[in-house]
Amino acid sequence: MSRMNRKFFAVLALVLGASVFASQYPAAAAQPAQNDTNLQAEVMNKALNKPDLKGVQASAHDGAVTLTGTVKLFEVKEEADKRTHKIKGVQAVSNEIRVAGPDLPDPVLEAKLAKALSYDRVGYGTTPFNAISVQVEDGTVTLSGHAYGPIDAASAIALAGYTPGVKNVVNEVRIDPLSPMDDRSRIQLFRSIYGFPTLNKYAIDPAKPIRISVQNGNVNLYGVVDSQTDKDVAGIRANSVPGIFKVTNDLTVAGPREKNSKQVHN
C-alpha cells in the first residue's frame with residue numbers, strides 16, 4: 001500500500017471515529033438529565049404526596065434534591081425532609097421550605113410554649129423530673145435543660161414543631177443518664193418535697209411546678225414557687241435525702257403577676 005493510501009485510510013478512521021463519538025455524546029449527556037427528572041418525579045409522587053405537603057415542590061440535580069414552597073407548621077417541613085431522604089437515589093437534601101404560619105410576637109409565643117411544655121406528658125409519671133426551658137427569637141425556638149428520657153425530649157421537640165408560629169426549632173435538651181440509683185433518688189426527692197405539709201399545695205397542680213432534675217446524684221431544682229420560704233424549704237427537703245451529693249436550688253419566686261395568674265388558673 002502506498003504512503004498516500006495509508007494516509008487516506010488514517011484520515012478516514014479519524015473522521016469515522018469522531019462521527020461515532022459525536023453520535024454517542026448526546027445520549028451520554030442526556031442520561032444525567034433523565035435521571036434527575038425521574039428522581040424529581042419519584043420524590044413528588046412518593047415523598048410529597050400528602051395533603052399537608054401540597055405546597056412543596058422538589059427539583060433534582062445529580063442526586064441532590066432541593067425542596068421549596070410553603071407549609072403551615074415547622075414539623076411538616078421536617079417531615080418533608082425526612083420523607084425525601086428515604087427515596088432511593090437521593091444523595092442530599094436542601095430544605096428551603098418556608099413556614100408560613102402566624103407571625104406571633106416572640107414573648108407571646110414563648111409564654112404559650114412554656115405553658116404547654118409544663119403540662120407535656122402529664123400522667124406518664126416523668127413530669128416532675130423534666131426541666132426543659134424555652135426561648136424564642138424571631139420565631140426560632142430553642143429548647144434546653146434536662147429531660148428524664150429520650151421520649152420526654154422527643155415529645156417536647158414535637159410539641160414545639162407542631163405549634164403554629166414556630167419557624168424553626170433548635171434542640172439543646174440534654175437527656176439524663178440511665179441510672180437505677182438516680183431513679184430511687186428521684187422518688188425519694190419527690191416524696192420529701194411534695195409530701196412536706198407547706199409544699200403539698202404544689203402537688204395538686206398536674207404540671208408539678210417544682211421540677212427535680214437528677215444526674216449522677218447531683219440535684220437541681222427548677223420551677224416557680226410562691227415565696228422565698230417555699231424555695232428555702234424545698235432546698236432543705238432535697239438536702240435531707242440520703243445519697244445526694246449536691247443540691248442546686250434554681251427555683252424562682254413568683255412575682256405578683258405570676259401569683260395572680262396561678263390563682264386564676266386554679
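Since the model is a prediction, treat every value here as computed from it, not as a measurement.
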Exercise. With sequence neighbours excluded, what pairs up with D232 under the salt bridge (charged side-chain N to carboxylate O under 4.0 Å, His left out) test?
Worked result: none
For this session: Kindly work out whether a path of hydrophobic side-chain contacts (I/L/V/M/F/W/Y, heavy atoms less than 4.5 Å apart) joins V90 to M44.
Result: yes
Exercise. How about I151 and T126: do any of their side-chain heavy atoms sit closer than 4.5 Å?
Worked result: no
For this session: Please indicate whether K72 has more than 12 foreign heavy atoms, meaning atoms of other residues, nucleotides or ligands, lying under 6.0 Å from its NZ.
Result: no
Exercise. What pair of heavy atoms forms the shortest contact from Y202 to V225, and how long is it?
Worked result: OH-CB, 3.5 Å
Exercise. Do you know the tightest heavy-atom contact between V173 and A153?
Worked result: CG1-CB, 4.1 Å
Problem set entry | Residues L221, I193; criterion side chain to side chain contact (heavy atoms under 4.5 Å, CB included); working and verdict | CA-CA 10 Å; L221 301 181; I193 293 171; 3.9 Å; yes
Exercise. Taking a hydrophobic cluster as the set of Ile, Leu, Val, Met, Phe, Trp and Tyr residues connected by side-chain heavy atoms closer than 4.5 Å, whether directly or through intermediates, do V247 and I212 fall within one such cluster?
Worked result: yes
Problem set entry | Same cluster (ILVMFWY, side-chain, under 4.5 Å), L117 and I175 | no
For this session: Check the pair D205 / Y119 against side chain to side chain contact (heavy atoms under 4.5 Å, CB included), numbers first and verdict last.
Result: CA-CA 10 Å; D205 188 343; Y119 287 93; 3.3 Å; yes
For this session: Please check if the side chain of T127 supplies one atom and the backbone of R121 the other of a donor-acceptor pair under 3.5 Å.
Result: yes
For this session: Look at the side chain of K208 and the backbone N and O of A203, then say whether any donor-acceptor pair between them is shorter than 3.5 Å.
Result: yes
Exercise. Does the side chain to side chain contact (heavy atoms under 4.5 Å, CB included) test come out yes or no for V76 and L53, once each step is laid out?
Worked result: CA-CA 7 Å; V76 176; L53 294 173; 3.4 Å; yes
Exercise. Considering only heavy atoms from C-beta outward, does the side chain of V166 approach that of L109 to under 4.5 Å?
Worked result: yes
For this session: Could you pull out all residues at least two apart from E78 that satisfy salt bridge (charged side-chain N to carboxylate O under 4.0 Å, His left out)?
Result: none
Exercise. So, the side chain of T66 versus the backbone of S94: is there a donor-acceptor pair under 3.5 Å, distance only?
Worked result: no
Problem set entry | Side chain to side chain, I244 and N239, heavy atoms closer than 4.5 Å | no
For this session: Among residues two or more places apart or on two chains, list those pairs meeting ring pair (Phe, Tyr, Trp, His ring centres under 6.0 Å) that have a residue in residues 224-255.
Result: none
Exercise. Less than 4.5 Å apart, any side-chain heavy atom of E79 and any of D52?
Worked result: yes
Problem set entry | Crowding at NE2, H85 (>12 non-hydrogen neighbours, <6.0 Å) | yes
For this session: First locate atom CD1 of I236, then atom NZ of K231, and finally report the distance between them rounded to the nearest 0.5 Å.
Result: 12.5 Å
Exercise. What are the two closest heavy atoms between A254 and V224, and how far apart are they?
Worked result: CB-CG1, 3.6 Å
Seminar exercise, completed: Shortest non-hydrogen pair, R211 vs A131, comes out as CB-CB, 4.4 Å
Exercise. Where the side chain of T84 meets the backbone of A80, is there a donor-acceptor pair that is under 3.5 Å apart?
Worked result: yes
Seminar exercise, completed: side-chain hydrogen bond (donor to acceptor under 3.5 Å, both in side chains) pairs touching residues 159-173, sequence neighbours excluded, are D103-K167
For this session: Over 60° means perpendicular and under 30° means parallel, so classify the ring planes of F129 and F190, tilted if in between.
Result: perpendicular
Seminar exercise, completed: Taken to the nearest 0.5 Å, the spacing of I97 CD1 from T70 OG1 works out to 9.0 Å
For this session: Check D183 against R186 and note the closest heavy-atom contact, atom names and distance.
Result: OD1-NH1, 2.8 Å
Problem set entry | Test side chain to side chain contact (heavy atoms under 4.5 Å, CB included) applied to L48 and V43, step by step | CA-CA 6 Å; L48 307 178; V43 171; 4.0 Å; yes
For this session: Give a yes or no on whether the backbone of G195 and the side-chain of N200 come within a donor-acceptor separation of less than 3.5 Å.
Result: no
Problem set entry | Short side-chain to backbone donor-acceptor contact, N95 and K77, under 3.5 Å | yes
Seminar exercise, completed: For L251 and Y222, the nearest pair of non-hydrogen atoms, with its separation, is CD2-O, 3.1 Å
Exercise. Do I187 and R191 touch side chain to side chain, with heavy atoms closer than 4.5 Å?
Worked result: yes
For this session: Could you tell me whether the side chain of L104 reaches within less than 4.5 Å of the side chain of V136, counting heavy atoms only?
Result: no
Exercise. Do the non-hydrogen side-chain atoms of L39 and Q91 ever get within less than 4.5 Å of each other?
Worked result: no
For this session: Under the salt bridge (charged side-chain N to carboxylate O under 4.0 Å, His left out) rule, collect the residues that match up with D182, sequence neighbours excluded.
Result: none
Problem set entry | Between CD on residue Q57 and CD on residue Q40, distance to nearest 0.5 Å | 10.0 Å
Exercise. Hey, is CD on Q135 packed in by over 12 heavy atoms from elsewhere, all under 6.0 Å?
Worked result: no
Exercise. Looking only at atom types and distance, does a side-chain atom of N130 sit under 3.5 Å from a main-chain N or O of I132, one as donor and one as acceptor?
Worked result: no
Contacts table for residues 139-147: side-chain donor-acceptor under 3.5 angstrom, sequence neighbours left out:
{"unit_1": "S144", "atom_1": "OG", "unit_2": "S133", "atom_2": "OG", "d": "2.8"}
{"unit_1": "H146", "atom_1": "ND1", "unit_2": "D176", "atom_2": "OD1", "d": "3.1"}
{"unit_1": "H146", "atom_1": "ND1", "unit_2": "Q215", "atom_2": "NE2", "d": "3.3"}

Problem set entry | S240 side-chain N/O to R237 backbone N/O, donor-acceptor pair under 3.5 Å | yes
